[in-house]
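Before any comments, here is the structure.
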Amino acid sequence: GPEDSGAKAAGGKPAKGGTLYVLNQSPQEDFDPARLYTSGGGNVPGLVFRTLTTRNRENGADGSKVVPDLATDTGTPNKDATVWTYHLKDGLKYEDGSAITTADIKYGIERSFAAELSGGAPYLRDWLTGGKEYQGPYKDKGGLASIETPDAKTIVFHLNKPEGDFPLLATQTSFAPVPKAKDTGTKYENHPVSSGPYKVVANENDGEHLVLERNTHWDAKTDEERKAYPDRIDVRSGLDAAVINQRLSSGSGKDAAAVTTDTNLTAAELAKITGDKELAGRVGTGHFGYTDYISFNPKVKPFDDPKVRQAISYAVDRSTVVNALGGSSLAEPATTFLPAQESFGYTPYDAFPAGKSGDAAKAKELLKEAGYPKGLTVTLTHDSSGGDEQGPEVATALQDALKKAGITVKLEGLESSAYSEKIHGVKTEPGFFLAGWGADWPSGGPFLAPIFDGRQIVQDGYNFNNAQLDDPAVNKEIDEINKLTDLKAAAVRWGALDKKIGEQALTVPLVHPVYKRLYGKDVKNVVISDWTGVLDVAQVSVK
Amino acid sequence: MTSPLIEVEDLTIDFPTGTGTVRAVDGLSFSVEQGGALGVVGESGSGKSATAFALLGLHRGSGARIGGSVRVAGVDVLTAGERELRGLRGGLAAMVFQDPLSSLDPYFAIGDQIAEVYRVHHPKASRRAARGRAVEVLDRVGIADAPRRARFRPHEFSGGMRQRALIAMALACEPRLLVADEPTTALDVTVQAQILDLLGELRQETGMGLLLVTHDLGVVAGSVDEVLVMKDGRAVERGPVGTVLGAPRQPYTRDLVAAVPRLGTAEPRGAATGEVLLEAVGVRREFGRRGTRVAAVDGVSLTVRAGETLGVVGESGSGKTTLGRMLVGLLEPTGGELRRPGARSGAGTPGLQMVFQDPVSSLNPRRSIGESIADPLRTAGVLDDAAIVARVRELLERVGLDPDWYHRYPHEFSGGQRQRVGIARALAPEPRLIVCDEPVSALDVTTQAQVIRLLGELQRELGLALVFIAHDLAVVRQVSDNVAVMRAGRIVEYGPAGRVYEAPEHEYTKGLLAAVPVLDPDESAARRAARRRALATTG
Amino acid sequence: MTLLTRFALRRLLAALLVLLVLSIAVYALFYVLPGDPARLACGPKCTADQVAQVRTQLGLDDPALAQYAHFLHGLFAGTDISTGVGTEHCGAPCLGFSYQNGEQVTSLLAQRLPATASLSLGAMALWLVIGVGTGVLSALRHGGITERLLTAVTLAGNAVPVFIIGILLMLLFVSVLGWLPFPSYVPLTEDPEQWAWNLVLPWLSLAILESAKYARLTRSSMLDTLSEDHVRTFRAYGVRERSVIGRHALRGALPPVIALTALDLGTMFGGAVLTESLFGIPGLGKSLVDSVRTEDLPVVVGLVLVTGFFVVLANAVADVLYAVADRRVVLA
Amino acid sequence: MTTSDVLAAPGAASDTPEAAPGARQLWRRLRAQRAALAGVAVIVLLVLVALAAPLLAALEGQDPDAYHASAVDSALGGVPVGSFGGVSADHWLGVEPGTGRDLFARLVYGARISLGIGLAATVVQVVLGVAVGLAAGLGNRFLDNLLSRTTDVMLALPTLVFAIALLAIVPAGFPRPVLLVLVLGLLGWGGTSRIVRAQTLSLKSLDYVAAARLGGAGRWRIARRELLPSLAAPVVTYSALLVPSNIASEAGLSFLGIGVKPPTPSWGQMLSSATTWYQADPTYVLLPAGLIFVTVLAFTALGDGVRTALDPRAGTRLRAVARGRKGARP
Ligand SMILES: Nc1ncnc2c1ncn2[C@@H]1O[C@H](COP(=O)(O)OP(=O)(O)OP(=O)(O)O)[C@@H](O)[C@H]1O
Ligand SMILES: Nc1ncnc2c1ncn2[C@@H]1O[C@H](COP(=O)(O)OP(=O)(O)OP(=O)(O)O)[C@@H](O)[C@H]1O
Ligand SMILES: [Mg+2]
Ligand SMILES: [Mg+2]
Ligand code: NI
């Protein structure tokens with residue numbers, strides 16, 4: 001639970017200077033603000049790109065709050081939250097010393113609509129008036145009329161529906177300013193123009209090796225969030241997970257000042273580290289809003305019968321699932337769909353108490369009621385890549401648990417791309433499969449709406465409303481909450497909605513994963529927010 | 001007098017094999033004086049090479065067990081230390097091996113190989129000096145343009161040149177003894193004569209001793225003073241060359257001498273008058289692709305009649321095998337015409353069969369010989385199984401093999417026996433013509449004589465026509481009615497055997513006949529002198 | 001030499017043909033693969049419209065043949081692609097642009113090659129020394145206890161999948177003894193010393209596996225040449241055993257070893273997938289597996305062609321080397 | 001293709017099958033080699049274990065797929081409780097970390113898949129390789145060129161890529177072991193085909209084949225009667241080396257996550273999931289690794305033994321009779 005979330009700032013006072021090394025698996029292939037799809041502006045990109053708002057860089061639950069960044073506040077809505085207005089702070093400059101204007105922010109957002117720069121988040125397209133038709137600034141020179149920049153410091157967004165979460169969306173990198181004169185299209189990622197505390201001085205092998213140095217035109221006075229202690233940040237990617245963890249744990253040479261932003265400790269590594277006090281002290285724990293669950297498609301027999309879904313809900317053995325995902329320190333059993341965090345509106349409930357290791361008797365009873373006294377055979381679709389949360393380890397654990405309740409599970413493991421294709425196609429969707437959902441920002445909206453809003457059922461693309469639930473009451477409640485600009489009040493209602501949907505047994509929440517990550521000996525001021533769940537490179541110091 | 005050059009006493013050599021030990025040499029004693037020349041003759045497997053190897057201590061480390069004593073140039077070979085032995089090898093006694101191609105390292109220039117050996121025995125000599133010496137000895141053994149050719153690698157030399165190079169290597173260190181193990185077996189008669197002449201000259205010039213190992217009595221006749229006849233690892237007879245070859249005392253030696261085919265002794269043969277079985281008109285066969293195209297057979301015309309034997313002679317590479325294969329239809333001619341009256345054309349023509357040159361590769365090692373012989377009968381599909389087996393047994397008996405050996409495999413037979421199996425197989429489909437491609441070249445003189453006799457009998461009994469291919473003029477003489485002499489793919493002389501041998505018209509035929517070794521040492525010496533004179537006048 | 005030139009030319013033509021067939025095979029395979037490259041490039045939350053736009057952008061709307069023709073055109077004449085604000089030119093041997101990140105495939109390959117080359121060349125040097133050395137030794141001690149021991153050891157090396165060797169080596173040298181760093185690729189240009197240190201384990205793993213094969217080949221080849229007549233000749237002339245073996249026997253035993261080395265190097269340049277995965281070396285093999293998984297057709301085709309090119313080239317080079325080393329072999 | 005290259009390297013194929021032994025002799029010579037004999041014994045034992053897997057698991061009283069949450073320590077990432085990877089009277093060889101599944105049961109069941117795939121894929125490779133190689137060796141220039149280039153393509157194909165792609169194409173319902181056999185078999189016949197072609201070419205020029213043609217035998221008959229028996233030797237030798245390489249390939253595919261489907265155990269799959277555990281639970285790695293090692297070793301020893309036994313040099317040679325003018329041609 002959240003009680004153990006967040007590591008304490010490591011010993012010693014943080015000081016400026018030195019080089020921070022980041023050891024990662026995935027190269028920063030997309031370093032273009034239009035193409036990035038990262039929660040809260042991302043970690044390394046967040047050093048270069050400032051956005052209208054940003055996440056509060058604090059440990060734990062405080063870290064899931066939204067705070068102003070380029071803007072003076074988190075935004076001024078109109079009455080029904082369809083028009084949002086922002087003003088820029090004074091003294092904002094790019095790395096070349098030129099001033100940041102709202103026109104540049106508008107242009108940056110427009111770029112994210114270009115097909116050449118695919119990959120970013122879809123929300124702006126859905127929310128902005130005229131967003132659906134807009135083709136981006138390269139094809140559509142006229143620009144997007146729903147973004148107005150009455151002056152260089154003001155920007156106004158016109159939405160096609162109320163969105164109380166807009167300030168949270170404004171943390172995404174597509175809200176970073178891009179000076180039109182410096183735009184080089186698909187090549188922009190090689191040298192994006194910095195508005196943040198660091199600028200890119202080297203980008204080798206398409207983001208495999210990045211070197212960032214201080215942006216002298218960045219003024220700390222305009223930025224209350226980023227600490228920017230190190231003088232240099234050296235990001236080396238394309239490394240194997242085991243290599244990263246091994247290097248961090250031995251921490252020799254430069255690795256003493258190293259961190260990772262994308263590599264968790266595996267169960268086996270954790271088993272070894274736990275025995276070592278020094279190492280165990282260098283493990284940061286984070287909670288990112290994420291849920292792994294079983295998804296049903298009630299359009300497919302026998303899952304049209306709520307009793308069958310309930311029987312399975314009772315039969316699951318969450319302890320073997322937890323073990324399959326690395327044991328109790330890497331996964332926490334989940335009975336709610338929403339992550340166990342206040343910002344999401346977490347309201348504890350357990351609609352079908354299965355206990356620690358499943359209630360086979362109750363499940364059998366329900367099956368009998370449903371007309372399967374002799375048990376039944378079902379097929380569970382999962383991702384075939386090992387080590388994946390939707391992978392074979394979890395699937396076989398469930399297979400074994402359901403066997404005790406008389407349910408024979410056949411496994412259908414698919415290659416990652418085939419698996420996503422299948423479970424997200426309305427027509428191809430299987431009846432019973434593993435799925436996972438993560439938050440684009442810490443709020444109940446992006447967590448529940450795509451999964452349960454009937455109007456978000458996508459017929460000819462990727463559909464995430466796997467239960468294909470189209471309940472007017474649910475839809476209406478979602479609209480109502482979206483109108484709220486008081487995020488606290490909204491959260492409470494999201495929690496209530498989650499509980500209400502949970503009773504329908506459309507999903508079986510299994511676990512919420514926990515992130516455990518090593519950092520180097522010399523790393524100080526470790527901050528892990530619940531927003532990202534990972535150590536914030538903008539806050540650490542190596543001196 | 002100084003001590004003898006070679007002193008061998010009670011030499012025994014045992015080779016351990018999977019099934020026990022083989023005694024290759026059994027209580028052999030002989031000696032050779034300084035500057036003397038001994039010929040060692042005997043059929044295959046009689047222990048000649050084993051003896052020669054023992055002289056240089058080459059059995060060391062091979063697992064062979066050696067008894068008795070061997071002294072060469074004062075060195076006790078069996079007990080000598082590594083160093084002393086190395087000094088003996090090449091320095092005091094040098095060896096020339098049988099196969100000149102494989103006896104040289106294919107990767108190094110010939111001159112370098114000779115120089116390497118020279119420097120082993122003259123460690124003080126500079127690289128340059130050693131190379132100079134190599135050119136010198138190459139020149140001495142008659143390699144024209146030696147300074148340039150010294151840089152050639154073995155594959156760029158002809159067989160005769162390679163053998164000369166090996167002799168040059170032996171000469172390089174001025175040894176007192178030259179051991180030559182079948183130095184001419186791989187060569188054509190004309191080249192063979194040149195090499196033997198060379199050895200004779202070198203002996204005269206340098207006074208070195210010679211031990212010449214060969215299975216060919218003709219070779220020893222003109223080249224050595226004394227002969228040692230071996231059989232089953234023992235000495236059968238020993239004495240001056242003229243005595244042993246002219247008036248052999250032991251029955252074995254007598255048989256051996258008698259079996260040697262002679263040029264002069266052709267049996268009178270009935271003239272072939274039968275129907276024409278096969279007619280070749282301007283037949284041509286090319287190999288290779290554009291640029292490297294060579295004509296192996298180049299416009300050959302000949303006729304074979306029923307009951308006749310046509311002998312085809314010529315040196316290696318002259319196109320004999322190619323011609324033979326075309327005659328039976330195993331190869332398609334690229335030009336000219338082949339007429340086979342009364343027979344279908346193409347491979348598998350029942351009227352035409354072939355006996356192959358190499359008895360090892362001509363039988364499938366994984367099939368019993370009976371099956372191999374039965375195969376054409378089965379393919380024909382006329383006879384039933386029992387009849388086929390009966391016929392094969394009959395054939396085996398006919399070629400002088402035990403019919404009960406039907407189920408044996410080729411490796412259980414000797415060379416001569418295998419050749420008989422090959423003949424039986426050729427006979428199975430009752431052909432009218434058999435092309436025999438060097439059927440006896442791989443065999444001992446005694447076995448050779450047996451096979452030739454068998455073929456003659458069969459021909460008489462069955463009225464077969466034979467095309468008899470050989471490189472040995474004497475063998476051809478014995479069996480042929482007509483003879484064709486081939487050279488570089490062409491027939492240079494073609495006519496009745498008697499005429500061709502007694503009154504050759506073509507210079508090439510004359511040269512071939514002159515180079516044939518003869519058994520009489522005096523005759524041999526006379527011929528050599530004549531050859532040298534001829535060289536002196538032309539060269 | 002003209003013979004050799006012609007032979008080389010003929011092999012080159014055949015090689016081109018093989019490569020063409022390879023590229024067609026890859027294209028064909030991708031048309032039957034499930035999954036949509038445009039969707040994979042666009043990301044899971046792309047809308048259908050966006051995916052359609054991306055699909056057009058990538059040229060995936062064109063008929064299969066047109067796509068292949070476009071690929072061939074790019075290969076021989078180069079091609080241009082829009083960056084949005086302008087165009088980017090991709091010069092003559094252009095293998096296209098990655099679906100995933102729009103990079104030129106040729107430059108992606110160029111980025112991966114150094115790691116793969118470091119791995120393969122280093123491993124090769126090591127396995128040649130270990131393998132040929134062991135092979136020669138066991139040939140010399142033929143029938144003795146040394147040979148039997150060496151045979152057992154080489155058999156064992158040959159018997160283990162490379163990732164097990166790798167793991168066991170890591171266990172020993174990194175965890176237990178701590179002599180070596182946990183391998184992590186450092187480019188040669190960055191720090192030669194670190195480069196070598198970090199590659200020691202991957203090199204060793206591959207070398208242990210491969211040298212077993214080489215030891216066996218060298219041994220049998222050596223036994224062949226040792227029983228050849230020309231070796232006997234030099235012995236009979238009192239040449240020292242050391243020089244008989246070093247100069248004459250070994251020389252004769254090398255052609256098959258050379259041939260095999262060229263072939264193995266070819267295959268390895270295509271990426272030692274398992275080794276690269278295990279040690280996290282950012283080489284061709286690793287990106288090959290990755291791009292197959294993301295259905296990044298241009299990258300896969302590019303990689304397959306490069307791999308195929310090296311394999312076919314190595315095959316041809318092996319044959320030529322063999323023919324040059326051993327003139328007795330008739331070029332066919 | 002590695003071993004194939006060795007065997008197919010020019011020159012290596014030139015060994016005429018003189019005095020090559022028959023089956024009886026082969027066994028006799030094989031018996032004389034201790035390593036090969038040990039290999040045979042190990043292989044027989046492993047096959048027996050594979051066949052009796054359900055029996056052995058029942059004897060231990062364990063199901064290979066049953067989870068035992070209590071046998072692992074959840075707080076420690078799921079390491080087995082107890083020493084040596086949780087060895088106990090219930091679990092003879094301990095349990096799998098994370099799941100607590102019984103290792104002994106999984107290993108014996110895994111033998112079925114690993115050996116089965118190894119052997120079956122070899123059969124496919126050999127059948128295809130022999131067919132293609134023979135056809136290329138016996139066919140005319142066009143056919144030979146066509147098949148040889150096809151073989152080149154096969155050898156140049158990055159096997160893994162095509163394995164991954166093929167495994168993705170085939171419907172998920174298709175039995176995975178069969179699929180793996182087909183993938184390994186269809187992609188791996190190049191080496192065999194090259195050897196067989198080279199051998200066929202050198203055998204084809206031998207006089208006994210010419211003799212058979214003269215006797216009226218057709219192509220098919222020659223292939224069957226004269227060539228196949230002689231091809232058996234190199235093919236058998238090579239196959240014995242193919243089996244372990246196929247077992248290793250299955251392990252390799254599993255290492256990349258595309259092997260047999262869970263929960264079916266195979267040594268390769270166990271090994272691949274064990275790779276992350278080598279420090280925390282070495283037993284888990286060493287068991288499947290040891291088994292694969294022993295199997296591969298056994299087959300390699302057998303292959304080597306067969307090779308030695310078939311080597312003409314091993315028997316007495318009848319070279320002497322072949323002397324005379326043989327080899328005289330420059
Ligand atoms: N290394 C060996 N191992 C076993 N037996 C051998 C070996 N070398 C020779 N022999 C046997 O010793 C006997 C004599 O062999 P040797 O080579 O001396 O015969 P040879 O008279 O030179 O015959 P050829 O005329 O065929 O050269 C033969 O029976 C032969 O099989
Ligand atoms: N299949 C072939 N391919 C290329 N050249 C060949 C082939 N067969 C024979 N030749 C060449 O044709 C020429 C004649 O060869 P052929 O075998 O007919 O000679 P031969 O007289 O039988 O020689 P020998 O006495 O050595 O058996 C030689 O130069 C040989 O190299
Ligand atoms: Mg001899
Ligand atoms: Mg011939
Ligand atoms: Ni290979």
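Because the structure is predicted, anything quoted here is derived from the model rather than measured. Protein chains get the first letters and strands the later ones, always in sequence-line order, with residue 1 at the start of each.
With chain C as partner, the option from Tyr188(A), Trp437(A), Tyr419(A) having the largest number of non-hydrogen pairs under 4.5 angstrom is Trp437(A). Ranked by heavy-atom pairs under 4.5 Å with chain C, the first of Ala242(A), Gly120(A), Pro450(A), Ser420(A) is Ala242(A). The candidate with the highest count of non-hydrogen atom pairs below 4.5 Å against chain C, out of Leu239(A), Asp30(A), Thr184(A), Leu117(A), is Thr184(A). By number of non-hydrogen pairs under 4.5 angstrom with chain C, the leading residue of Glu189(A), Gln135(A), Lys139(A), Glu204(A) is Gln135(A). Contact count versus chain C (heavy atoms, under 4.5 Å) is highest, among Ile244(A), Val458(A), Thr186(A), Asp126(A), for Thr186(A).
With sequence neighbours excluded, the residues forming a salt bridge (Lys or Arg N to Asp or Glu O under 4.0 Å) with Asp255(A) are Arg247(A), listed by chain and number. Considering only residues two or more places apart in sequence or on other chains, Arg125(A) meets the salt bridge (Lys or Arg N to Asp or Glu O under 4.0 Å) condition with none of them.
Proximity to chain C is absent for every atom of Asn463(A), based on heavy atoms less than 4.5 angstrom apart. For Gln459(A), no part sits under 4.5 Å from any heavy atom of chain C, backbone or side chain. Of the two parts of Pro187(C), only the side chain, counted from C-beta on, holds a non-hydrogen atom closer than 4.5 Å to a non-hydrogen atom of chain A. Proximity to chain C is absent for every atom of Arg111(A), based on heavy atoms less than 4.5 angstrom apart. Only the backbone of Phe113(A) comes within contact range of chain C, judged by heavy atoms closer than 4.5 Å. With a 4.5 angstrom heavy-atom cutoff, Phe31(A) does not touch chain C via any of its atoms. Gln25(A) does not touch chain C: none of its heavy atoms, backbone or side chain, sits under 4.5 Å away.
The number of heavy-atom neighbours closer than 6.0 Å to CH2 of Trp197(C), taken from other residues, nucleotides and ligands shown, is 12 or below. Counting heavy atoms of neighbouring residues, nucleotides and ligands inside a 6.0 Å radius, atom NZ of Lys422(A) exceeds 12 of them. No more than 12 heavy-atom neighbours from other residues, nucleotides or ligands sit within 6.0 angstrom of NZ on Lys254(A). Within a 6.0 Å sphere centred on CD of Glu193(C), heavy atoms belonging to other residues, nucleotides or ligands number 12 at most.
Of all heavy-atom pairs spanning Asp206(A) and Gln111(C), the tightest one is N-NE2, 4.2 Å.
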